[in-house]
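Taking it in order: structure first as structure tokens, then the write-up.
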Amino acid sequence: MLKKILLSTLLVSSFSFAQVSAEQKIIDTADKAVVDKIEQKIIKEKFDEAQKELEAKKARELAEKKARDLDMQNLAQINVILGKIKKIDLQLKDNILLKRYSNYLSYRKISTELALYKRSLIKKKKIASEEQLYQLHNKIKVKENELELINEYKGSPIGGFINPPVIEEYDLITNPFGIINALSQIKKLEDNKKQFRNLEKDINSLTVRLDDELILYLELFNLDQQGEYKEKITFLDKQKKDFTMVLEIVSTTQVVYTRKIEQVILEIKDQISQQVQKILIILTIIILLSFVAFLVKLALKKYFSQNESYYMTNKVINFSVVFLIIMVLMFSYIDNVSYLVTILGFASAGIAIALKDWFMSIFGWMVIVTSGSIQVGDRIKVTRNGLEAVGDVLDISLFKITIREDITYTSYTVNRRTGRIFFIPNNYIFSEMIANYTHSGLRTVWDGIDITLTFDSNHKKAQKIVKDILKHYSKGYTDITRKQLSKMRSKYQLRATGVEPRVFTFIEPHGMVISGWYLTNSYAALQLRSTMSPEILEAFMKEDDIHIAYPTQQININRTDNAYGVSVKKREMPKELEDDIIKR
């Protein structure tokens, strides 16, 4: 190895041929020992010089290698840092707080530009042309409009977000429906509190990421000192300080805001609790009233022999319970009853005119219920503008009476139809004719059959025949009516209480009218009339001296003893039909 070094040294550090020759001449002329010594010295110096040059070359190569390795390491580290920065930028790309911060920066930039324009306007006001002044005024106006659009960022890097949502004044809960509104308000307050708390978390998270990004840029600047990185570090440092300041404000405000919301929620919940207690008390009162009404109706049911009377009593009790419940609700949920009375007093005039019929119907219902003139199940007849309706009362409500038509003599002679449902306003009781066929337990009415006889007929015999037939078929109703009238004397002063059938005779232009009157069932008067009319006709036709008068023309061609036709034998009424009519 040493030989190789010497050879390379000798080859590299060779002298010129002329110099060697000169030295050789000196060596030749000097002492051989001295020559040897000089040669050794020269060889050693050359060797040392070559060795130092070789060591320097190795050192340079090693330094270059280290520099290359260091550059490779720095480049890899820079790429890693740039990757982390890119990842953070992606996370913050759509951050609403940074978007608002950009508006804050725009506001400050526009404010600075506006100040410059205004100073420029003051300086150039005397020396500038009108066109230049006009342009400056326009620029100032544009900048002022821009500032007005983003005015909320005047003193806040995040604009209006720095202020918590407004706590609206809640309404006092005065009725059950207010509970729903109160619960909705509590939910809204909870959402506002959560929203502002989330804002604090978002700002805190953003501050941490900005701090991480700032540290990464500092490391990047240490590895590669570019001016771009230095500007980014300055911007991030300012941005971090701004958001740190915002975080402190929001954190302090959030504590106070949360306490205020919790206070309001507690107050609302306390009112809800009071309202629930009031509702429970009212429900208890309503249940007690309903239970008492049930017991009263159960007790009264034993004292009523007729279902119609119990039905009306039941409706009166129900109305009373409903009225009491309404009064309880009114006095429970109306704070100033006198104020309500005053308002109703002023409004009563207009209401009385607009709803006159309704109020009259309510008063009519009160008269009907308290007087007992009409009850459910009664058969009544109503006459209105020439229209007659006879039917049974199905219901008596607050505003109307509901009746259902039946087949009656009125249906036969006037309407020629029946079975309809009529709704009669209660106020008719004050202005129209309403007849009750079954008032106060009386279930019979007087009905009459008129038959016109010729003047030469034996009217006395006809009267006797009609009276006998009437007595035969109306005997059961006569006895029933006698008992019912006896009961009515305790309530009404009755004078003429005759209940036997009556027969009257009247002279009319076309003959003598035999009018027979009898008591019959109020609900089946037409049926008994239909039964007796043929019987009277057949009885008259059997008599030779009784002739029915009617508009006819008669031409007698053959002589006959009976000008009015052959007599017909009397047909007996079926026993079952007779018993059924008597029961009615």
Side-chain angles (χ1 to χ4, degrees), residues 286 289-290 292-294 296-297 300-301 304 306-334 337 340-406 408 410-411 414-415 417-441 522-523:
I286 292 174
L289 287 174
S290 302
V292 170
F294 172 76
V296 171
K297 288 190 286 186
L300 291 176
K301 190 174 183 180
F304 288 98
Q306 298 177 357
N307 292 331
E308 293 81 0
S309 300
Y310 176 72
Y311 176 84
M312 182 56 64
T313 305
N314 184 44
K315 294 205 72 171
V316 172
I317 294 174
N318 291 338
F319 176 79
S320 302
V321 171
V322 172
F323 177 76
L324 290 175
I325 291 173
I326 292 174
M327 295 302 294
V328 169
L329 293 174
M330 285 183 61
F331 283 99
S332 298
Y333 292 108
I334 297 177
V337 179
L340 176 64
V341 172
T342 304
I343 293 177
L344 292 178
F346 283 111
S348 60
I351 294 174
I353 295 173
L355 305 177
K356 179 183 68 174
D357 292 338
W358 281 23
F359 279 106
M360 291 300 294
S361 293
I362 294 174
F363 292 142
W365 176 83
M366 295 175 63
V367 170
I368 292 171
V369 170
T370 55
S371 65
S373 57
I374 300 174
Q375 296 180 354
V376 173
D378 286 351
R379 172 156 290 191
I380 65 173
K381 178 179 181 180
V382 180
T383 304
R384 169 80 172 177
N385 296 331
L387 177 64
E388 297 182 5
V390 178
D392 301 329
V393 178
L394 301 179
D395 181 52
I396 302 175
S397 64
L398 195 62
F399 297 103
K400 63 183 180 298
I401 302 171
T402 304
I403 68 170
R404 182 180 183 274
E405 274 187 316
D406 197 3
T408 62
T410 302
S411 304
V414 179
N415 297 331
R417 61 179 56 87
T418 189
R420 297 170 294 182
I421 302 295
F422 277 88
F423 300 97
I424 304 167
N426 292 336
N427 62 337
Y428 278 18
I429 197 170
F430 301 118
S431 58
E432 303 299 331
M433 182 70 176
I434 300 179
N436 191 341
Y437 291 90
T438 55
H439 175 64
S440 191
S522 302
Y523 299 95

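- Checking side-chain atoms of S522 against main-chain N and O of Y437 turns up a donor-acceptor pair under 3.5 Å.
- One finds the OH atom of Y523 at 3.5 Å from the OG1 atom of T438 (value rounded to the nearest 0.5 Å).
- D378 contributes atom CG, which lies 9.0 Å from atom OG of S373 (distance to the nearest 0.5 angstrom).
- Nearest heavy-atom pair across V321 and A293 is CG2-CB, 3.3 Å.
- Counting heavy-atom neighbours within 6.0 Å of R404 CZ, excluding the residue itself, gives a total of 12 or less.
- Side-chain contact check for T383 versus E388: some heavy-atom pair is nearer than 4.5 Å.
- Residues I317 and V296 approach most closely at CD1-CG1, 3.8 Å, considering heavy atoms.
- Between the side chain of S411 and the main chain of D406, a donor-acceptor pair closer than 3.5 Å is present.
- The minimum heavy-atom distance linking Y428 with V382 is given by the pair CD2-CG1, 4.4 Å.
- Using a 4.5 Å heavy-atom cutoff, the side chains of T410 and E405 are not in contact.
- Under the 4.5 Å side-chain criterion, counting only non-hydrogen atoms from C-beta, I424 is in contact with I403.
- Two residues are said to be in side-chain contact when any heavy atoms from C-beta on lie closer than 4.5 Å; I421 and L394 meet this criterion.
- Counting heavy-atom neighbours within 6.0 Å of F294 CZ, excluding the residue itself, gives a total of 12 or less.
- Residues F399 and I362 meet the side-chain proximity criterion, which asks for heavy atoms closer than 4.5 Å.
- Separation of atoms NZ (K400) and CG (N427) is listed at 13.0 Å; rounding is to 0.5 Å.
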Exercise. Start with the C-alpha distance between I368 and I401, add both sets of side-chain angles, then the distance that settles side-chain contact (heavy atoms from CB on, under 4.5 Å), and finish with yes or no.
Key: CA-CA 10 Å; I368 292 171; I401 302 171; 3.7 Å; yes

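- Q375 has its side chain out of reach of V393: every pair of non-hydrogen atoms, C-beta onward, lies at least 4.5 Å apart.
- If you take CG on L289 and CG on L324, they are separated by 6.0 Å, rounding to the nearest 0.5 Å.
- Contact check for I286 versus V328: no side-chain heavy atoms found under the 4.5 Å cut-off.
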